[in-house]
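Naming convention: chains lettered A, B, ... in sequence-line order (proteins, then strands); numbering from 1 in each chain.
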Number of protein chains: 2
Amino acid sequence: MNLRDLRYILAVAEHQHFGRAAEACGVSQPTLSVQIRKIEDLLGVALFERSSRAVAPTDACQALIGHARTAVAEADAMLAVAWTLRDPLAGRFRLGIIPTLAPYLLPLVFAPLRDALPALEIEPWEDQTAALLDRLRGHELDAALLATEVDGPELASRPLFAEPFLAALPPEHPLAGREQVAEAELASDMLVLADGHCLRDQALAACGREGTLGTLRAASLATLLNMVAAGYGTTLIPGLAAGAAQDGGIVLRPLAARTGRTVRLVWRARFPRGTAVDAVGDVIASRLRGYAEGAASDVV
Amino acid sequence: MNLRDLRYILAVAEHQHFGRAAEACGVSQPTLSVQIRKIEDLLGVALFERSSRAVAPTDACQALIGHARTAVAEADAMLAVAWTLRDPLAGRFRLGIIPTLAPYLLPLVFAPLRDALPALEIEPWEDQTAALLDRLRGHELDAALLATEVDGPELASRPLFAEPFLAALPPEHPLAGREQVAEAELASDMLVLADGHCLRDQALAACGREGTLGTLRAASLATLLNMVAAGYGTTLIPGLAAGAAQDGGIVLRPLAARTGRTVRLVWRARFPRGTAVDAVGDVIASRLRGYAEGAASDVV
DNA sequence: AGATCTGATAGATATCAACTATCGCTGCAG
DNA sequence: CTGCAGCGATAGTTGATATCTATCAGATCT
C-alpha cells in the first residue's frame, strides 16, 4: 500500500466521482479506476459502490477512511516540517568553546552571529578541549572553537584567527619595565592553569618548559591573573583576555617572538550542515580580521 | 514520498546501521542507501550522518520521525481494520421490510438468521415499499424484503417464498361456512389498507376491482382485522398473518384460485456484499421452505 | 432513438525500485 | 605498516508497475 493510494481513496470518497477525483489528483480516470480496484483487492473489501451515476463509499470505506486521512495528513506534516528545516542556516547549532576563549570571544561574536545568522540558534557549550572533542564525536556538539590542531579523518577544522600571547606581570616585577618580554624569561616564575587546559601546555611549551613548577593549578584565567596581581609570579595569557587583565593592576607586555595560538573551528567531517559551519566560521573570522596584526590591547 | 520510504527511515533510525536495517526491511543494503538518499533530496534535509562506523540521525530526522511513525502506524491500523472487515458475512446489514410482512416474518427468521450468520448485525427497517426502495437506492438500506416485482437495471431481486392470501371473514358472514372462497366473491364488501401498502393493490387486483369501496383506509393489518371481526366487512390477508388473525374471532378461508404474493429480497445490483445478500436470502428461503404447499394456518 | 456521461478495459510505455557486483573509506590486528 | 574486515556508496541491469491514450459498455436524459 502506498500513500498515493490513500490519497486516491480520499479523493474518490470526497468527490464521489472518479473523473473529478482523478483531475484533483492530477492523473487520468483509468489510473484511478485501476488503482482503486487494486487497493480493494489488497484490503479484501470493496471501498466504493459504483453505479453509472454515482459513487458511494461503503461502510468499510467509512471505517477505514479516518486512518487514511490521518496517515496522509502526517505525511504532509512531515513534508511541511522538512520544508522549514531546509534552511541549513536555521535551527539549533551547538557550539563548543574552550574556557580560555569563551569569556572573551563570545561577547565579541555573539551580536555579529545573531545579526548575520538570525535563524541559527547558537547554543554555546564551555568545556576543555578533550571534553569538547568527545561531545563533538558523540554528536552532542555541531562544532567547537579550539586552540589546538586536530587530526584524523573523522574531524575537519579551519583556522579562524591568530591570537598572540601576552606576558602578564605584577607591576613590581623586574620584567615589567621592558617594552617586550622574551618567552624564556618567564619560565622561572610562571604560573599555569590546571591540567586539561590547552593554554597550560601552550604556555609551558612557549617558555621551553616541560614539567611544572610549584603547586598552583588555577582553574581559570581569572584566578591566575589575581595571583599575578598579588605578586606570586608571572603568567602568559591569550590576547583576547587582555581587556579583563588590565583592570587588576597587572602589566601586560608583548612577547619577543610573538608566540601565540591559532583559534580553530572544528567539526565532524561528515556533519551534513557544512553550510552552517562555514557561515559561523566566516562571521567569527571576519569579526577578528586584522586582530593579530594590530596591538593586542586596543584592537578589541 | 512513499510509505515504504517512511519505513526505511524508521528502520535506519532504529538500527543505526544500513545493513541491519535493510535486513529488517527485507531488502538489500544498496536499496536502502539509494532510497534514503532520495528521500533526503526530496525533503531537502539530511536525515542521517554517515561515518564508517556509525549512522546517527540528525536533528532534522528527530523532528520528522514522529510524523513518519504515526503515518506508518495509521496505515498499518488501516490494514488491520480492513482485515477484520474482510468477512462479507460480518458487520451491519440494514434490511428493509414492508409492514404487512415484518410483524409476522421477523419472529420466524430472526433466530435462524442470528444462528446462521452470527457476525451479521441485521438492522430491520419497517416502511412501505416506495420508501424502502428510495432508501435502498440512497444507500440507506442494504437490502429489502418486498412483495412486489422491481425492475430497472439498478436493482436486483430474488424470490424467497410464495405467500398465499387468505380470506378473512366475520363468523356470521355468508361465506364463512364455505371450505374455500372465490376471490371475486370478496369484492363487494372487502376492506383494504391505506394507500402505499402493496397489499392494498394486490387485494384489489385479486378481486378484480380497480377503484376503492367505502372510506376506510386502515393503517395496519391489525386495524383491518379488528374491523372484520366487528362485522364491517371482509378482507384479504397474507398467509403469514394467519396466526395473528385467528385470535380475534375471525374465520379464515383459503382462496379458490390460490391467489397470493411472492416475497422477494431486493438489493442494488452493484451492492458489493452480494455474499451477505445471498446468505440472508438463503436463510429466509430455507426457513419458509414448503410453507406455500402446506396448510397456511398450521405450518407456521 | 441518439446524445452524453459514467466507470471499466486493453495495450503500450516509461518510471523506478530492486538486485548483484564492486568500490572507497576507516579502523583493527598481525 | 600493511593486509583484513566492516560499512556505506556507486554502477549497471532487470523486472514490476503506475501511467497514459483509445475505446468499450451501461445508464440516463432529451
Side-chain angles (χ1 to χ4, degrees), chain A residues 1-9 11-42 46-58 61 137-138 150-156 268-272, chain B residues 1-9 11-42 46-58 61 136-139 150-156 268-272:
Chain A
M1 195 169 53
N2 206 321
L3 275 172
R4 177 173 29 81
D5 298 335
L6 299 188
R7 291 184 204 279
Y8 290 167
I9 293 175
V12 174
E14 182 188 350
H15 292 93
Q16 314 232 349
H17 188 288
F18 276 72
R20 282 191 285 277
E23 191 180 5
C25 293
V27 297
S28 69
Q29 169 264 315
T31 297
L32 219 55
S33 284
V34 171
Q35 287 309 108
I36 295 284
R37 171 72 63 196
K38 284 191 180 178
I39 307 164
E40 287 178 324
D41 290 347
L42 175 75
L47 295 173
F48 300 100
E49 184 175 331
R50 294 100 158 145
S51 68
S52 58
R53 284 289 154 191
V55 173
T58 63
C61 183
R137 291 197 181 89
V150 294
D151 57 354
E154 196 178 359
L155 298 178
R268 293 186 303 281
R270 313 277 197 159
F271 183 56
Chain B
M1 196 169 52
N2 206 320
L3 276 173
R4 179 172 29 80
D5 299 335
L6 299 188
R7 291 183 205 278
Y8 290 167
I9 293 175
V12 174
E14 182 188 351
H15 292 93
Q16 314 234 346
H17 187 288
F18 275 73
R20 283 191 284 276
E23 192 180 6
C25 294
V27 297
S28 69
Q29 169 264 315
T31 297
L32 220 54
S33 284
V34 171
Q35 287 309 109
I36 294 283
R37 171 73 62 196
K38 283 191 181 179
I39 307 164
E40 286 179 324
D41 291 346
L42 176 75
L47 294 174
F48 301 100
E49 184 176 330
R50 294 98 157 147
S51 67
S52 57
R53 287 290 153 189
V55 173
T58 62
C61 184
L136 199 55
R137 291 197 181 89
H139 295 81
V150 293
D151 57 355
E154 196 178 359
L155 298 178
R268 292 186 301 279
R270 312 277 197 159
F271 183 56

Chemist: At less than 4.0 Å, is any side-chain N or O atom of B:H17 found next to OP1 or OP2 of D:dG6? Yes or no.
Modeler: no
Chemist: Using whole Å, report how far CD of A:E23 lies from P of C:dG7.
Modeler: 13 Å
Chemist: Is the closest side-chain heavy-atom distance between A:I36 and A:I9 below 4.5 Å?
Modeler: yes
Chemist: Should the heavy atoms of other residues, nucleotides or ligands under 6.0 Å from CD of B:E23 be counted, would the total exceed 12?
Modeler: no
Chemist: Measure from CZ on A:F48 to P on C:dA8 and round the result to the nearest Å.
Modeler: 11 Å
Chemist: Quick one: A:L47 CG to C:dG7 C1', roughly how many Å, whole number?
Modeler: 16 Å
Chemist: Please state how far atom CZ in A:R37 lies from atom C1' in C:dT9, giving the value in whole angstrom units.
Modeler: 11 Å
Chemist: Spell out protein contact along nucleotides 17-30 of chain D as letters: B when the base is contacted, S when just the sugar-phosphate is, - when no protein heavy atom is under 4.0 Å; keep the 5' to 3' order.
Modeler: -SSBBB----SS--
Chemist: Is there side-chain contact between A:D41 and A:R37, with heavy atoms separated by less than 4.5 Å?
Modeler: yes
Chemist: Rounded to the nearest Å, what distance is computed from the CD1 atom of residue A:I36 to the C1' atom of nucleotide C:dT9?
Modeler: 16 Å
Chemist: For B:R50 and D:dC7, is the shortest distance between a side-chain N/O and OP1 or OP2 below 4.0 Å?
Modeler: no
Chemist: First locate atom CZ of A:R20, then atom CD of A:E14, and finally report the distance between them rounded to the nearest 0.5 Å.
Modeler: 11.0 Å
Chemist: Return the CZ to CD distance between A:F48 and A:Q16, rounded to the nearest 0.5 Å.
Modeler: 8.5 Å
Chemist: Between D:dG6 atom C1' and B:Q16 atom CD, what is the distance in whole Å?
Modeler: 17 Å
Chemist: Is the closest side-chain donor-acceptor distance between A:Q35 and A:T31 under 3.5 Å?
Modeler: no
